Amino acid sequence: MAVFEYKGLDKVGKAVAGVVDADSAKAARLRLRRQGVFPTDINEQRKGGGIRGSGLNIEIDVEQYLQWVSARDISVLTRQLATLLGASVPMAETLTALVEQTEKNKLKVVLSEIKDKVSEGTPLADALGAHPRIFNELYVHMVRAGERSGALSAVLQRLANFAENQVKLQGKVLGALIYPALMGLIGMAILFGLFVFVVPKMRGLIEDYGGEEGLPFLTQVVFLLGDTLTSFWIIPVVVVLAASAFGFRWWTRNAGKKQWHRFLLWVSLIGNLN
């Protein structure tokens, strides 16, 4: 079963758009008409999303490429899944309801693929495990344990509680870090302004009064940084971007995560807190 993106009009003539799963484009049109939607454009959503077409006729879906699934989305999804299964709703109907209720197209496509695999007989945990960027190892292993023990609804309730608490904790941490991060950015902007605009003027005054001979070492370092930022400003920018890209790529790998966590546990104060 494929997934189709559609644009159309509802019964009152309002423009609507979304995702629907069907065996073919014709079946997708019939299903939309039964739902009261008159489709004007239907395109198949390919796996990996974002680019459709061949040759020179290529369409880039920028909106879907920029979408991401947040921890709050997973929290709401898990709570809905646990509630429906707890009410003895069959798994296929539960996943269908989740696909229809989800607003983000990226998550709709993922849930549609999960529903198709489950309908074909694949365990829910294995279907979730095919999307590690959205459902982490803890989530998948907990679901697998719930399926094997016959207590999937209870496990999902615990996962929903855990996800909601995690979202609350992330909100508190983010709120606590906003002020120091803002102060740090302002401080960096002030230092940049000093090095670029103030230091050259000070250097000109010093040269007028006899040159830079005999100046302290730290003063010479400040002048050197000012020269670097004014004449070779592209070098620090490239270094920062390259270091950020390398650090992010290293951190996303399992080996990098292990080394980072080992470092966090090794640091004296932060390690004890962790």
Side-chain angles (χ1 to χ4, degrees), residues 18-19 49-50 62-87 94-95 97-111 114 124-125 128-146 152-190 240-241 243-245 247-254 256-274:
V19 177
V62 179
E63 181 180 359
Q64 180 166 354
Y65 181 76
L66 295 177
Q67 280 188 350
W68 70 88
V69 180
S70 64
R72 186 176 298 276
D73 296 330
I74 299 300
S75 172
V76 174
L77 171 67
T78 307
R79 179 62 67 187
Q80 293 175 339
L81 184 61
T83 301
L84 292 174
L85 292 179
T94 296
L95 295 175
L98 293 178
V99 172
E100 295 175 354
Q101 294 176 7
T102 303
E103 297 181 356
K104 290 187 176 180
N105 289 338
K106 183 175 182 179
L107 192 56
K108 276 182 178 290
V109 173
V110 171
L111 290 175
I114 292 174
L124 178 61
L128 296 174
H131 305 278
R133 293 182 178 272
I134 298 178
F135 303 100
N136 56 30
E137 294 183 2
L138 173 64
Y139 196 102
V140 174
H141 291 325
M142 289 288 289
V143 171
R144 181 174 288 110
L152 181 58
S153 177
V155 169
L156 287 173
Q157 290 287 353
R158 294 182 180 180
L159 274 175
N161 294 333
F162 174 77
E164 291 170 359
N165 292 332
Q166 193 175 27
V167 170
K168 293 179 181 178
L169 179 61
Q170 289 178 355
K172 292 180 180 179
V173 172
L174 182 61
L177 293 178
I178 286 179
Y179 180 76
L182 182 61
M183 291 297 99
L185 290 176
I186 294 176
M188 291 177 62
I190 293 175
V240 171
L241 292 177
S244 301
F248 178 77
R249 184 175 181 181
W250 170 79
W251 186 82
T252 53
R253 296 182 177 180
N254 291 331
K257 288 183 178 180
K258 290 180 180 179
Q259 294 177 4
W260 173 249
H261 292 162
R262 187 179 295 111
F263 170 76
L264 291 180
L265 293 175
W266 173 79
V267 178
S268 59
L269 180 60
I270 300 177
N272 294 332
L273 180 60
N274 285 325

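All values below come from the heavy atoms of this structure, side chains included, with hydrogens, waters and symmetry mates left out. Quick caveat: nothing in here was measured; it's all calculated off a predicted structure.
- In this structure, the side chains of L159 and L81 stay at 4.5 Å or more apart for every pair of heavy atoms.
- The CG atom of N136 lies 8.5 Å from the CD1 atom of I74; values are rounded to the nearest 0.5 Å.
- The two atoms that bring Q101 and Q80 nearest to each other are OE1-NE2, 3.6 Å, heavy atoms only.
- Distance check: D73 CG to E103 CD gives 9.0 Å after rounding to the nearest 0.5 Å.
- The heavy-atom pair separating K104 from V69 by the smallest distance is NZ-CA, 4.4 Å.
- Considering all non-hydrogen atoms of both residues, L152 and L124 come closest at CD2-CD2, 4.1 Å.
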Discussion item. Would L156 and V143 count as a side chain to side chain contact (heavy atoms under 4.5 Å, CB included) here? Give the steps.
Written reply: CA-CA 7 Å; L156 287 173; V143 171; 4.1 Å; yes
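- Pairing each heavy atom of S75 with each of A160, the nearest pair is OG-O, 4.3 Å.
- Two residues are said to be in side-chain contact when any heavy atoms from C-beta on lie closer than 4.5 Å; Y179 and M183 meet this criterion.
- Q170 contributes atom CD, which lies 11.5 Å from atom CG of N165 (distance to the nearest 0.5 angstrom).
- With T102 contributing its side chain and L98 its backbone, the two residues share a donor-acceptor pair below 3.5 Å.
- One distance of note links NZ of K168 with NZ of K172; it measures 8.0 Å at 0.5 Å rounding.
- Between Y139 and T78 there is a side-chain heavy-atom pair separated by less than 4.5 Å.
- Taking both residues in full, the closest heavy atoms of V155 and G146 are given as CG2-CA, 3.7 Å, listed atom of the first, atom of the second, then distance.
- Here the side chain of K108 pairs no donor or acceptor atom with the backbone of V19 at under 3.5 angstrom.
- Listed for the N161 side chain is a donor-acceptor partner under 3.5 Å among the backbone atoms of Q157.
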Worksheet item: Does the pair M142 and F162 meet the rule for a side chain to side chain contact (heavy atoms under 4.5 Å, CB included), with working shown?
Response: CA-CA 12 Å; M142 289 288 289; F162 174 77; over 6 Å; no
Item to complete: Evaluate the criterion side chain to side chain contact (heavy atoms under 4.5 Å, CB included) for residue pair L111 and L77; output intermediate values, then yes/no.
Response: CA-CA 10 Å; L111 290 175; L77 171 67; 4.0 Å; yes
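- A82 and S153 get closest at one heavy-atom pair: O-OG, 3.7 Å.
- The shortest distance between side-chain heavy atoms of V110 and I134 falls below 4.5 Å.
- For the ring-ring contact (aromatic ring centres under 6.0 Å, His included) test, residues two or more places apart in sequence or in another chain that qualify with F263 are W260.
- Here the side chains of R144 and H141 are in contact, with some heavy-atom distance below 4.5 Å.
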